[in-house]
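Hydrogens, waters and symmetry mates are skipped; everything else that's a heavy atom, side chains included, is used. Small disclaimer: the values here were computed from a predicted structure and weren't measured.
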Amino acid sequence: MINSFPSYTSLKTKTLMLWPGMLICGLAAIAAQFLSIHYGAPAMLLALLLGLALQGATAGADQVSAGIAFSSTTLLRLGVGLLGARVSVDAIMVIGLGAVWLVIASIISIMLISFCLSWLLGRGWRLAILTGGAVSICGASAAIAIASILPQNEQSDRNLSFTVFSVTLLSTVAMIVYPIIGQALGLDDKDLALFLGGTIHDVAQVVGAGFSVSDEVGEGSTTVKLLRVSMLAPFVILLSLSLVVLGASNKESTGKKPALLPWFVVMFAIMMTLSALNVLPALLQQAFWQISSWLLLVAIVGVGLKTDLKGLLDMPSKAALLIALQTVLLAGFVLSWIAIR
């Protein structure tokens with residue numbers, strides 16, 4: 001029984017093997033956060049760009065490869081697991097069941113549209129799920145979570161980097177443009193909050209867009225966005241089960257029988273449940289949010305370091321058209337819902 005636990009020597013060996021790559025990812029994440037605070041650019045986008053920029057310096061360096069791989073996989077999944085602590089049922093109940101039905105309907109609609117568009121544009125089903133989930137749920141965080149359970153191939157890292165870059169860039173544009181559109185359409189504060197929270201991909205940009213209008217719109221749009229974040233767990237659970245049933249899980253790439261539910265999805269669901277039941281003290285919940293944000297930032301640097309930059313630059317224009325159309329159609333869907341309800 002004792003021998004089943006890792007020995008001090010093996011832990012020391014593994015730590016020595018991992019720390020150089022993890023240090024690079026960690027320092028780049030700190031730099032991304034610093035630049036984000038001082039220049040206002042999204043931290044996730046900066047982390048990805050720094051990872052891509054550092055790729056030439058680390059390519060072929062065996063001493064850092066293990067740590068980079070660990071950061072882009074294990075730390076990534078741990079960050080997604082802790083993300084569940086962001087969900088608050090009390091806040092969600094304030095916005096009403098109408099917003100809940102809107103979020104569910106928009107996710108289902110965008111996923112169906114994504115498969116149709118992907119087929120029409122000649123793109124694969126993996127990219128359809130990855131981009132559709134990122135657009136309809138919670139941007140880069142959703143892309144990271146979904147990529148962790150999709151079957152891996154030689155294009156997986158490229159597709160994830162492309163999706164994170166695209167949804168972050170589109171979120172930044174939407175943060176500026178959507179409040180102008182909403183006000184031009186004469187939306188009141190409640191409907192504008194629903195529009196901003198229901199359409200902008202990343203949480204940070206929703207906060208920026210909402211509070212640029214008013215405190216009321218900012219609080220409402222952030223709550224709607226967190227409702228979308230709460231849909232990540234059931235979405236990933238259903239996707240994971242579907243992949244196992246259809247025989248399209250990560251068994252294709254690893255050769256091992258996959259878990260019915262990945263551990264980080266179970267962790268996300270547990271954290272979400274504890275948060276919803278108000279079991280987590282506010283201080284601990286805030287700590288989990290911060291740890292999750294930092295882990296995802298470190299992980300996305302690792303993804304950038306592993307991505308084939310030439311392959312990313314050669315990404316077909318149809319892939320960019322796919323995610324742009326998904327974004328526009330999501331905005332149209334939410335505005336139509338607001339108009340007819």
With a 4.5 Å heavy-atom cut-off, do I30 and W294 have their side chains touching?
-> yes
Could you state whether V334 and V173 fall into the same hydrophobic cluster, counting links through intermediate Ile, Leu, Val, Met, Phe, Trp or Tyr residues with side-chain heavy atoms under 4.5 angstrom apart?
-> yes
Please check if the side chain of S292 supplies one atom and the backbone of F288 the other of a donor-acceptor pair under 3.5 Å.
-> no
Taking atom CD1 of I338 and atom CG of L194, what is their separation to the nearest 0.5 Å?
-> 4.5 Å
For the pair S293 (side chain) and W289 (backbone), establish whether a donor and an acceptor sit closer than 3.5 Å, ignoring hydrogens and angles.
-> yes
Apply side chain to side chain contact (heavy atoms under 4.5 Å, CB included) to T327 and H201, showing your working.
-> CA-CA 9 Å; T327 299; H201 307 322; 3.0 Å; yes
CD1 (I129) and CD1 (I146) are apart, to the nearest 0.5 Å, by 8.0 Å
Polar side-chain atom of S71 near backbone of A299 as donor-acceptor pair, under 3.5 Å = no
Heavy-atom side-chain contact between L117 and L329 under 4.5 Å | yes
Using the side chain to side chain contact (heavy atoms under 4.5 Å, CB included) rule, take L335 and T199 through it: C-alpha gap first, then chi angles, then the decisive distance, then the call.
-> CA-CA 9 Å; L335 285 173; T199 56; over 6 Å; no
Flag, side chain of S221 to backbone of G218, donor-acceptor distance under 3.5 Å | yes
Are the side chains of M271 and L82 in touch, meaning some heavy atoms are under 4.5 Å apart?
-> yes
Given side chains that start at C-beta, do those of M22 and L75 come closer than 4.5 Å, heavy atoms only?
-> yes
Take I113 and Q326 through the side chain to side chain contact (heavy atoms under 4.5 Å, CB included) test and state the conclusion after the steps.
-> CA-CA 8 Å; I113 290 170; Q326 290 166 338; 5.6 Å; no
Once you round to the nearest 0.5 Å, how far does OG of S114 lie from CG of L121?
-> 10.5 Å
W19, CH2: over 12 other non-hydrogen atoms inside 6.0 angstrom = no
Taking the side chain as C-beta and beyond, is there a heavy-atom pair between I200 and K225 under 4.5 Å?
-> no
Nearest heavy-atom approach of T163 to A143 is CG2-CB, 3.9 Å
Take F333 and L102, measure what side chain to side chain contact (heavy atoms under 4.5 Å, CB included) needs, and give me the verdict at the end.
-> CA-CA 9 Å; F333 182 89; L102 168 60; 3.9 Å; yes
Is it possible for you to say whether V217 and I180 belong to one hydrophobic cluster, with membership spreading through side-chain heavy-atom contacts below 4.5 Å?
-> no
Sorted by chain and residue number, the salt bridge (charged side-chain N to carboxylate O under 4.0 Å, His left out) partners of D189 (sequence neighbours excluded) come out as none
So with a 6.0 Å cut-off around CZ of F115, is the heavy-atom count from everything else above 12?
-> yes
Can you hop from L185 to M175 via hydrophobic side chains spaced under 4.5 Å?
-> no
Give the minimum heavy-atom separation between L18 and A66, together with the two atoms involved.
-> CD2-O, 3.5 Å
Locate the shortest heavy-atom distance separating P151 from L243; write the atom from each residue and the value.
-> CD-CD1, 4.1 Å
Do the side chains of I110 and I323 join up, straight or via other hydrophobic residues, at under 4.5 Å, putting them in one cluster?
-> yes
Value for CG (L227) from SG (C138), rounded to nearest 0.5 Å, stands at 11.5 Å
Is V206 close to V224 at the side-chain level, that is, under 4.5 Å between some pair of heavy atoms?
-> no
Rounded to the nearest 0.5 Å, what's the gap from CG on D157 to CG on L305? Could you check?
-> 10.5 Å
Heavy-atom distance under 4.5 Å between the side chains of L49 and F165, does that happen here?
-> yes
Quick one: do V298 and L46 end up in the same hydrophobic cluster if we chain Ile, Leu, Val, Met, Phe, Trp and Tyr together by side-chain heavy atoms under 4.5 Å apart?
-> no
Which heavy-atom pair separates L322 from S118 by the least distance, and what is that distance?
-> CD1-N, 4.0 Å
More than 12 non-hydrogen atoms from neighbouring residues, nucleotides or ligands closer than 6.0 Å to CD1 on I37, yes or no?
-> yes
Which atoms form the tightest heavy-atom contact between G198 and R228, and what is the distance?
-> C-NH1, 3.3 Å
S156 versus L150: any side-chain heavy-atom pair under 4.5 Å?
-> no
Looking only at heavy atoms, which two atoms of P179 and V213 are closest? And how far apart?
-> CB-CG2, 3.9 Å
Interatomic spacing from OG in S136 to CZ in F235 - rounded to 0.5 Å = 6.0 Å
